[in-house]
Structures are given as C-alpha cells and as structure tokens.
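Since this is a predicted model, take the numbers as computed values, not measurements. One-based numbering along the sequence shown.
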Amino acid sequence: MGIVITKILGILYVIPFYSIIGEKGGALYGYAYSIYLVFMAISSAGIPLAISKLISEYQTLGYYDAKQRAFKIGKQISITLGIICFIILFIFAKPLAVAILGDLKGGNTIEDVTFVIRVISTAILVVPVLSVYRGYFEGHKFITPTAISQVFEQVMRVLVIVIGSFLTLKIFKLSLTTAVGVAVFGATVGSLASYFYLIEKRHKNKQKFEEKELKVKEPKITNKTILKKIAIYAFPLIMIDIFKSLYSMVDTVTVVKALGPIYGTKTAESIMSILSTWGAKFNMIIISIATGMIVSLTPNLTAASVVGNTKDVHRKINQSFQMLLFMIVPMTVGLSFLAKPVYTIFYGASKFGPSVLTFYVFVALITALFTTAITITQVLKYYKIVFLSLFSGLVLKSLINVSLIKELYHLGLPAYYGSILASIIGYTLSLMICLVALHKLCGVNYEETIKQFINTLCGTVLMVIGLLLLKLIVPIASTNRFINIPIVIIYTLVGMIIYFFYMYKTNSIDKIFGEKLLQKFKRKNKKASQ
C-alpha cells in the first residue's frame with residue numbers, strides 16, 4: 001500500500017508539472033530519467049532485495065553476528081558503486097546525449113540533455129546506501145518504516161519538482177532546461193530525506209533489531225562468504241532492473257529517430273514524452289502493485305525455501321500470481337477503456353496522448369507479471385533461467401522495435417504502437433520462460449491459478465459490457481477536463497461494483513486471498529472503526 005500511495009503521488013504531481021514544462025520539457029525529463037534508471041539499477045537495484053533476503057536468512061537461522069556484518073558490508077558495497085556510477089554518468093553525459101538525439105534538429109539540444117543527465121546523476125550518490133537500509137528493515141519484516149520512507153521520499157521529490165520548476169520558469173524566468181534540471185534534482189532531495197528518516201528509525205528501534213529469538217551455536221561465517229552471498233543474490237536482481245531499464249533505453253535511442261521522418265522531430269519528441277514520462281506515470285500505479293507484493297513476498301518465500309517447505313513455496317507462488325491478476329487485469333482494462341477522459345483530466349486535450357495510453361497500459365500488465373515471475377525465479381536461485389529470460393526478451397525487443405514501427409505505419413496503423421507492441425512481445429517471451437522453468441524445475445502447478453485467471457477475465461468482460469451499456473447514458477469523454485472527473489468516477493465505481501460482485505458471487509475472493517487473511521482484514525477494519 002505504501003508503494004501504491006507513492007505511485008499515486010507520482011501521478012498526481014504531473015498535472016501541474018505538465019502545465020509548467022509542457023511536452024518538450026517532458027521529453028527532456030524523460031531522457032534524463034531513462035539514463036538515470038540504468039545507472040541506478042547498476043548501483044543499487046539488487047541491493048535492497050539481496051540484503052532483505054540475506055538478513056531474513058540469517059535471522060531465520062539465528063546467525064545474528066553474520067546478519068550485522070552483512071548489513072555493514074552491504075553499505076560499503078553500495079557507497080562504492082554509487083560513487084563509481086556517479087563519476088561515469090557525469091563524465092559521459094554528453095556522449096549519451098549524442099546517442100539519444102543523433103543529428104536531429106528542432107527539439108531539445110545535446111547541451112540540454114547533457115545538463116539534466118549531470119544534475120540527476122547526484123541522486124546516485126544517495127540511492128544505493130538508502131536501498132541497503134530498506135533491505136535491512138524488510139529482512140527483519142519491518143515493512144511499515146520502509147513504506148513510510150518511500151512515501152516521504154516521494155513527497156519531498158514532488159515538492160521540489162512542482163515548486164522548483166514553477167519558481168524557476170514562471171517567477172525567475174529562467175530557461176526550460178534549468179527548470180527541468182531543478183525538477184530532476186528532486187530525486188536527490190527525496191532520497192536524502194528518506195535516508196535520514198530510516199537512520200532515525202533504526203536508532204529508535206535498535207533493541208528490536210538486536211533481539212535474539214533463537215539460541216544456536218553460530219558457525220564461523222567470514223566476510224568473504226557474506227560478500228559472495230550478497231553478490232550472488234544481488235547480481236541477478238541488478239540484472240533484472242538493468243534489463244528492464246534497457247527496454248526504456250531501446251525506445252529512448254530508437255523511437256524519436258524512427259518516428260522523426262514520419263511525424264517530424266517535434267511530434268516525435270511529443271510522442272516520446274508520453275511513452276517515457278506522461279503515459280508511464282499511469283503504468284507505474286499498476287506496476288507498483290507487483291512491486292509491493294514482491295517486497296512482502298521475498299523474505300517470506302526465502303524463509304519457506306530455506307527450511308525446505310516446498311508445499312508452502314508453491315502455495316505462495318500461486319497465491320501471488322492470483323492476487324496480482326485479480327487486481328491488475330480489471331485496472332488495466334478499465335484504464336484503457338477510460339484512456340481519453342483520464343488523459344484529458346491530467347494533461348488536457350492531446351492529439352496522441354489518449355491513443356498511446358489506450359494500448360500502452362497493457363505494457364504495465366505484462367511488466368507486472370514478468371517482474372513477479374522473474375523475482376520468484378531469482379529467489380529460488382534459478383539464475384541461468386533469470387539471465388535466459390532477461391536476455392531473450394530484450395534482444396527480441398531490440399530486433400523488432402524499429403521494424404514494427406515501420407510495418408504498422410505501412411499498414412495504416414499508428415506507427416508508435418510498434419514500440420509498445422515490441423515491449424509486450426519481449427516481456428511475454430521472458431514471462432513464459434520463467435513460468436515454464438518454475439513448472440519443470442520446481443514443480444509449480446498453475447491449474448488453480450489458471451482457473452482463477454479465467455474467472456478474473458470473465459469478471460473483467462462483464463465489467464466492460466456494463467461500461468459499454470453505461471456509455472449509452474453517460475458520454476465517455478468531454479473536452480472539458482473538469483467535467484471528465486465525475487465521468488471517470490462514475491465509470492470507475494460502476495466497473496468496480498460489477499467486477500467485485502461477480503468475483504464475490506463466484507467465491508473467487510475467498511479462494512484467492514484465503515479466509516484467514518480476509519478475517520484478519522475484517523478484524524482490523526472493525527477495530528479501526530471503533
């Protein structure tokens with residue numbers, strides 16, 4: 001829930017931010033972030049889950065000294081990687097800008113892109129060590145402080161983005177490039193605020209972290225062994241995030257160049273800004289559900305795996321997929337259905353925005369499933385499958401990206417759908433490799449998950465039918481962004497009622513979430529209401 005709230009904040013701020021910097025500024029912002037995400041993945045992406053997994057493992061076994069040393073070693077690694085990645089990104093900002101824009105004219109310049117990349121590189125000095133603290137908390141199953149830190153980070157980041165860019169551009173009358181530079185610096189400010197919050201929380205809860213639940217004779221575990229384990233756990237996770245970031249990078253270095261001759265540079269950059277910044281914000285809400293589930297699943301799945309409880313491992317894998325599908329399938333279809341009014345509410349009327357969003361949200365659906373599957377595969381230590389899955393999907397995306405853009409254009413379809421379709425195909429291949437491997441190597445049976453998926457699809461189809469009937473009474477969109485707000489609310493409520501009613505009547509909710517979990521949730525709600 002903390003991650004979902006964070007992503008909701010991340011989408012709400014774009015309403016004023018878009019009106020301040022526009023599509024040209026959005027493209028520039030997206031260029032900086034797509035590069036930053038790759039380097040952030042190298043420096044820190046695998047660290048939180050790796051530390052979480054290792055801390056959970058040593059805590060379960062009662063190896064408390066090794067646990068504390070793992071935390072210290074993790075910090076040392078993250079600080080070193082952060083400094084190295086910052087130096088590389090800062091020095092090579094201009095060559096990266098050249099790779100993105102090439103010789104295209106009429107939009108953002110190479111100097112503009114170079115400047116914002118260098119500004120955002122400062123965040124890499126903070127994010128890696130912050131990620132270690134989050135992994136430490138999650139490994140002890142203290143999920144709440146981590147969630148609060150993420151919300152806190154996002155709040156601070158959003159304040160800098162909106163207030164900073166407004167003051168820079170509208171009050172001090174500085175350049176658009178400077179305003180975007182201030183906005184991307186929000187990543188540094190937010191991560192610093194979150195870092196100091198977690199340090200304070202750890203200091204206040206020091207006794208809880210040092211509690212020894214088991215009294216066992218701890219074997220001698222050297223720092224070299226711990227370092228090796230962190231590397232083994234973190235490297236696949238880092239590769240997962242690097243490859244996911246490279247999907248965006250493929251678009252960053254190919255889409256504008258491919259669309260430029262078709263639509264013109266200015267329009268191509270506008271479409272790219274929707275893919276990299278404005279449309280991507282909606283996708284992150286769907287993907288955040290998978291992210292939140294992974295944060296909770298990893299230490300629990302690790303604990304079940306360490307003690308050899310195969311039945312529990314299979315149950316948690318299937319339940320994770322069932323819960324994920326239950327939530328994201330109707331969300332994705334509903335958002336696609338309401339793409340025009342939703343996009344208009346956030347950004348106003350747009351020639352390409354609603355069209356892009358209608359199809360682009362399905363990238364979020366397949367990405368969420370892929371992220372969950374690849375993380376489970378990694379937790380169970382099927383590292384060869386992890387790399388095969390990642391490499392195969394990215395290579396396929398890279399090979400077909402430009403060709404699909406051109407092919408769809410020749411077929412009379414929107415050319416930009418080519419890059420979206422390439423992402424869906426690439427992620428689907430990666431997902432299928434993981435699912436087949438989990439079945440063959442781990443013995444996971446998906447029969448119940450498939451049944452619940454069919455139920456989820458039926459509920460979603462009924463929801464769409466209901467919304468189509470509602471469309472006969474209530475128009476689906478207006479050119480006025482404020483009139484679209486009640487329209488979206490009405491459609492969302494009707495869709496939710498139809499979907500949840502069907503899922504309740506078919507007992508799918510009980511089967512997916514389990515009666516114990518639902519009873520626990522009801523008891524908490526009852527206490528809260530009292």
- Message: Can you see whether Lys67 engages His140 through a side-chain donor-acceptor pair at a distance of less than 3.5 angstrom?
- Response: yes
- Message: Do Asp112 and Thr109 pair up side chain to side chain, a donor and an acceptor below 3.5 Å, judged on atom types alone?
- Response: yes
- Task: Classify the angle between the aromatic ring planes of Phe17 and Tyr29 as parallel (below 30°), tilted (30 to 60°) or perpendicular (above 60°).
- Result: perpendicular
- Side-chain heavy-atom pair Phe321, Ile376 within 4.5 angstrom cut-off: yes
- Query: Going through the distances and angles, do Glu200 and Tyr195 end up as a side-chain hydrogen bond (donor to acceptor under 3.5 Å, both in side chains)?
  - Reply: CA-CA 9 Å; Glu200 178 63 19; Tyr195 172 67; over 6 Å; no
- Message: Between Arg134 and Glu153, does any NZ, NE, NH1 or NH2 come within less than 4.0 Å of an OD or OE carboxylate oxygen?
- Response: yes
- Query: With under 30° as parallel and over 60° as perpendicular, where do the rings of Phe137 and Phe209 fit, or are they tilted in between?
  - Reply: perpendicular
- Message: For Phe90 and Phe86, take the angle between the two ring planes, folded into 0 to 90°, and tell me which bin it lands in: parallel under 30, tilted 30 to 60, perpendicular over 60.
- Response: tilted
- Message: Distance alone, cut at 3.5 Å: any donor-acceptor contact between the side chains of Lys141 and Ser56?
- Response: no
- Message: Between Lys173 (side chain only) and Lys170 (backbone N and O only), is there a donor and an acceptor less than 3.5 Å apart?
- Response: yes
- Message: Is it the case that the side chain of Glu218 and the backbone of Ala66 share a donor-acceptor pair, with hydrogens and angles ignored and the cut-off at 3.5 Å?
- Response: yes
- Message: As a test of understanding, state which of Ile287, Ile286, Thr372 forms a side-chain contact (heavy atoms from CB on, under 4.5 Å) with Thr367.
- Response: Ile287
- Member of Phe282, Tyr13, Tyr18, Trp278 meeting the ring-ring contact (aromatic ring centres under 6.0 Å, His included) criterion with Phe346: Phe282
- Task: Indicate the ring-plane relationship of Phe359 and Phe362, choosing parallel, tilted or perpendicular according to the 30° and 60° boundaries.
- Result: tilted
- Which heavy atom in Leu275 sits nearest to a heavy atom in Ala280, and how many Å separate them? O-CB, 3.6 Å
- Taking it one step at a time, do Glu57 and Lys229 satisfy salt bridge (charged side-chain N to carboxylate O under 4.0 Å, His left out)? CA-CA 11 Å; Glu57 182 179 318; Lys229 278 205 167 192; 2.5 Å; yes
- Query: Do Phe370 and Leu390 come within less than 4.5 Å of each other through their side chains, counting heavy atoms only?
  - Reply: yes
- Message: Contact between Leu388 and Ser392 at the side-chain level, heavy atoms closer than 4.5 Å - yes or no?
- Response: yes
- Item | Separation between CD1 of Ile405 and NZ of Lys257, rounded to the nearest 0.5 Å | 12.0 Å
- Exercise: do Asn401 and Thr254 side chains pair donor with acceptor under 3.5 Å: yes
- Side-chain donor/acceptor of Ser305 to backbone N/O of Leu301, under 3.5 Å: no
- Message: I'd like to know if the side chain of Ser149 pairs up with that of Thr146 as donor and acceptor (distance under 3.5 Å, no hydrogens or angles considered).
- Response: no
- Gap separating the CG atom of Leu259 from the OH atom of Tyr416, nearest 0.5 angstrom: 9.5 Å
- With no hydrogens and no angle check, do the side chains of Thr188 and Thr122 hold a donor and an acceptor under 3.5 Å apart? yes
- Message: Is there a side-chain hydrogen bond (donor to acceptor under 3.5 Å, both in side chains) between Ser191 and Ser194? Walk through the geometry before answering.
- Response: CA-CA 5 Å; Ser191 55; Ser194 180; over 6 Å; no
- Item | Distance-only donor-acceptor check, side chains Thr222 and Thr225, under 3.5 Å | yes
- When you measure from the side chain of Thr377 to the backbone N and O of Ala373, does any donor-acceptor pair fall under 3.5 Å? yes
- Message: Testing the 3.5 Å rule here: is there a donor-acceptor pair between the side chains of Glu269 and Tyr31?
- Response: yes
